[in-house]
Each structure stands twice: as structure tokens, then as C-alpha cells.
**Q** 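The structure's right below; bear with me while I get my questions together.
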Amino acid sequence: MTTTSAENTRPTPVTVLGLGPMGRAIASAFLDARHPVTVWNRTPGRAGDLPGRGAAEAGSVHDAVLAGQVIIVCLLDYDAVRATLEHAPADWANRRLINLTSGEPAQARRMSQSAAARGIDYLDGAILTPTPAMGTPAAAVLLSGARDVYESVQGTMAAVGAAPLYLGDDPGRASAYEIALLDVFATSVSGIVHAFALASAEGIEPERFAAFATGIGGLLPELITRFAQQLQSGRFPGDRSTIASAASGIAHVISTAAGHGIDVGVLAAAKSITDQAIADGCGPDGLARLATVLHKTGRV
Ligand SMILES: NC(=O)c1ccc[n+]([C@@H]2O[C@H](COP(=O)([O-])OP(=O)(O)OC[C@H]3O[C@@H](n4cnc5c(N)ncnc54)[C@H](OP(=O)(O)O)[C@@H]3O)[C@@H](O)[C@H]2O)c1
């Protein structure tokens with residue numbers, strides 16, 4: 001079903017299942033946008049100031065779903081979503097389910113299939129921004145799944161901030177972006193804390209080290225853009241730096257960290273990727289080439 005944009009911007013009864021920090025932030029954004037909001041949480045008493053601002057607290061998942069037309073579920077994981085939706089009513093006519101719980105692309109696709117089997121219009125989503133961004137133009141929400149379902153909730157979902165970005169009819173697509181971006185975050189944080197540990201072992205104070213480390217961070221946007229261009233074109237010039245040179249640098253870090261008794265597991269994994277690339281004859285190539293060493297079957 002496709003609705004017009006005028007219909008989309010009407011107040012829409014919204015239900016939010018899950019009142020962790022993100023569920024509360026989402027419910028708050030819908031209240032700010034003057035949509036009628038019903039909330040439910042497994043553990044009672046976690047609604048904060050939402051009831052005082054006009055949100056209705058449902059006593060059961062069943063009642064919460066019946067109260068809404070757009071049902072947002074935002075829980076710890078997909079097991080929690082499944083357990084929660086077992087208590088939902090059978091009748092989902094005129095209701096759409098939007099799952100903003102983090103998970104894996106395969107989980108999103110399975111959830112979409114089981115929703116379809118229950119006659120539920122379903123979108124899967126990913127939130128890329130922290131709770132303070134919700135309801136502001138800085139919010140970034142990705143959605144994927146059936147286009148007509150997306151079009152029917154597009155206006156309502158604008159309440160979470162900037163217009164949600166629709167990524168097509170594969171329900172796993174939003175999650176695929178989220179998981180790859182989480183990869184960036186997880187490995188970056190791991191590198192940052194390791195570097196602080198190594199600097200500290202060398203007697204460098206954290207704040208003095210941070211002044212230089214933020215400079216490295218500042219190089220990353222240009223590097224990411226350049227890597228993307230090289231991966232698209234399939235050309236990896238080693239004119240700025242080479243994999244062979246990076247491998248040598250990583251070896252120095254490993255040796256120094258190990259000498260201080262600091263775990264080198266993550267760096268050893270990075271070294272083994274560069275070693276594999278060198279064994280494949282890619283030592284003179286630029287560093288973006290490493291993505292093709294990690295994933296040999298596709299273009300990347
Ligand atoms: N917080 C952020 O900044 C942020 C940013 C982007 C994405 N996200 C994603 O948003 C989702 C929610 O995150 P969050 O920060 O709100 O908190 P969370 O700690 O990930 O999830 C807490 C919520 O999950 C519920 N829950 C856990 N197990 C459950 C179960 N078996 N059955 C029913 N409910 C269950 C909790 O209920 P109880 O209160 O009863 O325990 C609570 O409502 C996550 O997938 C997270 O990755 C969060």
C-alpha cells in the first residue's frame with residue numbers, strides 16, 4: 001500500500017516496544033513530532049518522563065501493538081524481538097512493524113520471512129547515531145524491505161530526525177551497512193586503546209599522546225574516500241605507501257608491545273593479512289588492496 005505524502009505527515013499512532021536508552025529516545029522524538037505514542041517495556045518502570053509528556057504505557061505487548069499503526073521494536077537483539085513478538089496479536093491489518101534492533105543481515109532476512117508468514121508488513125532498520133541525535137537532523141536511520149511499506153511510513157519516520165535512508169527491498173541491506181560500519185568502529189576502538197596502552201608503557205601521558213593521535217584520526221576521512229575509489233576502479237597504486245612498508249611498521253609495533261607484555265593478538269592478525277598480501281605478490285600495492293586479500297571471491 002502506498003500513501004501520499006500528505007497522509008504520511010498526519011499524526012500516526014506509534015508504538016515503541018523496548019525502553020532502553022534508544023527506545024526511549026525514539027519514543028521521545030515521536031512525542032516531540034506530536035504523534036500519539038504508546039510504549040511497552042519488558043521490565044516496568046523504565047519509561048522515564050515519557051508518560052508525563054503524553055505517552056501511554058501499555059501493560060502488554062498485545063495491547064501495545066493494538067494501539068499503534070507504526071510499531072517500532074528496539075531491543076537488545078533479535079532473540080528478544082522474537083520473544084516479544086510471540087505475545088503480539090494475530091491481526092496486523094493497517095499496521096507496520098519496523099525493527100530497529102541491531103543484528104546481522106541474515107537475522108534481518110529471516111525476521112522478514114517470518115513476519116511475511118504472519119501477514120506483517122515489515123521493514124528492518126539500523127540506527128547509526130547515538131541517542132542524543134534522535135529527533136534532530138543529525139539522526140541517521142537506514143531502512144530496507146518492501147518499497148510500498150517504506151513509502152507508507154516514510155513521513156511518520158521523519159520524526160526520528162533526518163529522513164530515513166531507504167536502501168532497497170533486501171531486508172538485510174540496512175543491517176549489512178550497520179555491521180560493516182560496526183567493523184570500522186570496533187577495530188578502530190581496539191587500535192586506539194592498544195595505542196594508549198603502548199604509549200603509557202613507553203611513559204607517554206595520555207593527554208600528550210592524544211594530541212598526536214587525533215592527527216592520525218584526521219587523516220582517515222580522506223583515506224576512506226581514496227580506498228573506496230581504488231576498490232571501485234580495481235587499481236591500487238603504491239605511490240603513497242605500500243603494503244610491504246606497512247607490514248614492516250606493524251612488525252615494529254608488535255615487537256615493542258610484546259616487549260612490554262601487551263597483548264598483540266589484534267596486531268598479529270593485521271600482520272598476517274599483510275603477509276598474505278605479500279605472499280600473493282601485492283607487496284608493492286597500496287593498502288586498499290588488503291580488502292581484496294580478505295575477500296577474494298568478489299571484486300572487493
Ligand atoms: N544506545 C545507542 O546509542 C544505540 C545506537 C545505535 C543502535 N542502538 C541499538 O538499539 C537497540 C536498543 O539499544 P538500547 O541502547 O536501547 O539498549 P539495549 O541494552 O541494547 O536494549 C535494552 C532493551 O532490550 C530489552 N530486552 C533485552 N532482552 C529482552 C528480552 N529477552 N525480551 C524483551 N526485551 C528485552 C530491555 O528490556 P528490559 O528493560 O526489560 O531489560 C530493554 O528494553 C540495540 O540493538 C542497539 O544496538 C543503540
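Everything numeric here is computed off the predicted structure, so don't read it as measured data. Start at 1 and go down the list; that is how both ligands and their atoms are numbered.
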**Q** Nearest 0.5 Å, please: how far is CZ in Arg226 from CG in Leu219?
**A** 9.5 Å
**Q** State the atoms of ligand 1, each with its element, that fall below the 4.0 Å cut-off from a heavy-atom position in Pro130.
**A**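 Here the atoms of ligand 1 in question are 3 (O).
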**Q** Closer than 4.0 Å to some heavy atom of Thr101 - which atoms of ligand 1 meet that?
**A**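 Counting from 1, the qualifying ligand atoms are 45 (O).
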**Q** For ligand 1, is there an atom lying under 4.0 Å from some heavy atom of Leu17?
**A**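 Contact check Leu17 vs ligand 1: negative.
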**Q** In plain terms, say whether Arg208 and Glu202 are close enough for a salt bridge, that is, a side-chain N and a carboxylate O under 4.0 Å apart.
**A** no
**Q** For atom 22 (C) of ligand 1, grab the closest protein heavy atom and report residue, atom and distance to one decimal in Å.
**A**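 Closest protein heavy atom to atom 22 (C) of ligand 1: Gly20 CA, 4.1 Å.
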**Q** Do the charged groups of Asp32 and Arg53 touch, with an N to O distance under 4.0 Å?
**A**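 Counted as a salt bridge, because a side-chain N and a carboxylate O are separated by less than 4.0 Å.
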**Q** Judged on heavy-atom distance to atom 29 (C) of ligand 1, which of Glu86, Arg46, Arg42 sits nearest?
**A**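 Nearest option to atom 29 (C) of ligand 1, by heavy atoms: Arg42.
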**Q** Can you report which non-hydrogen protein atom sits closest to atom 6 (C) of ligand 1, along with the distance?
**A**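 Here the closest protein heavy atom is Ile127 O, 3.4 Å.
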**Q** Please classify the Thr129 to ligand 1 contact at 4.0 Å (heavy-atom distances, strictly less than): side chain, backbone, both or neither.
**A**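 It is the backbone that touches ligand 1; the side chain stays farther off.
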**Q** Gly23 heavy atoms, cut-off 4.0 Å: which ligand 1 atoms fall inside?
**A** 16 (O)
**Q** Identify which of Ile26, Val39, Leu76 has a heavy atom lying nearest to atom 20 (O) of ligand 1.
**A** Leu76
**Q** Return yes when Ala83 approaches ligand 1 closer than 4.0 angstrom through a heavy atom, no otherwise.
**A** no
**Q** Classify the ring geometry between Phe30 and His35 as parallel (under 30°), tilted (30 to 60°) or perpendicular (over 60°).
**A**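 Rings of Phe30 and His35: perpendicular, as their planes differ by over 60°.
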**Q** Tell me which protein heavy atom sits closest to atom 1 (N) of ligand 1, plus the residue, atom name and distance to 0.1 Å.
**A** Thr131 CG2, 3.9 Å
**Q** Can Asp170 and Arg109 be counted as an ion pair, charged N to O under 4.0 angstrom?
**A** yes
**Q** Taking atom 11 (C) of ligand 1 as the point of reference, which of Thr43, Asn41, Leu75 owns the nearest heavy atom?
**A**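 It is Leu75 that holds the nearest heavy atom.
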**Q** Which of the numbered atoms in ligand 1 are under 4.0 angstrom from any heavy atom belonging to Leu19?
**A** 43 (O)
**Q** Return the closest protein heavy atom for atom 46 (C) of ligand 1 as residue, atom name and distance.
**A** Ser102 OG, 3.5 Å
**Q** Just wondering, do Phe227 and Leu287 contact through their side chains at under 4.5 Å, heavy atoms?
**A**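 Yes, side chains in contact.
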**Q** Under a 4.0 angstrom heavy-atom cut-off, which atoms of ligand 1 come close to Ala80?
**A** 28 (N), 29 (C), 30 (C), 31 (N), 32 (N), 35 (C)
**Q** Run the numbers for me: atoms of ligand 1, each under 4.0 Å from some heavy atom of Gly18, listed by number.
**A** 43 (O)
**Q** Please state which protein non-hydrogen atom is closest to atom 13 (O) of ligand 1 and give its distance, to 0.1 Å?
**A** Met22 CB, 3.9 Å
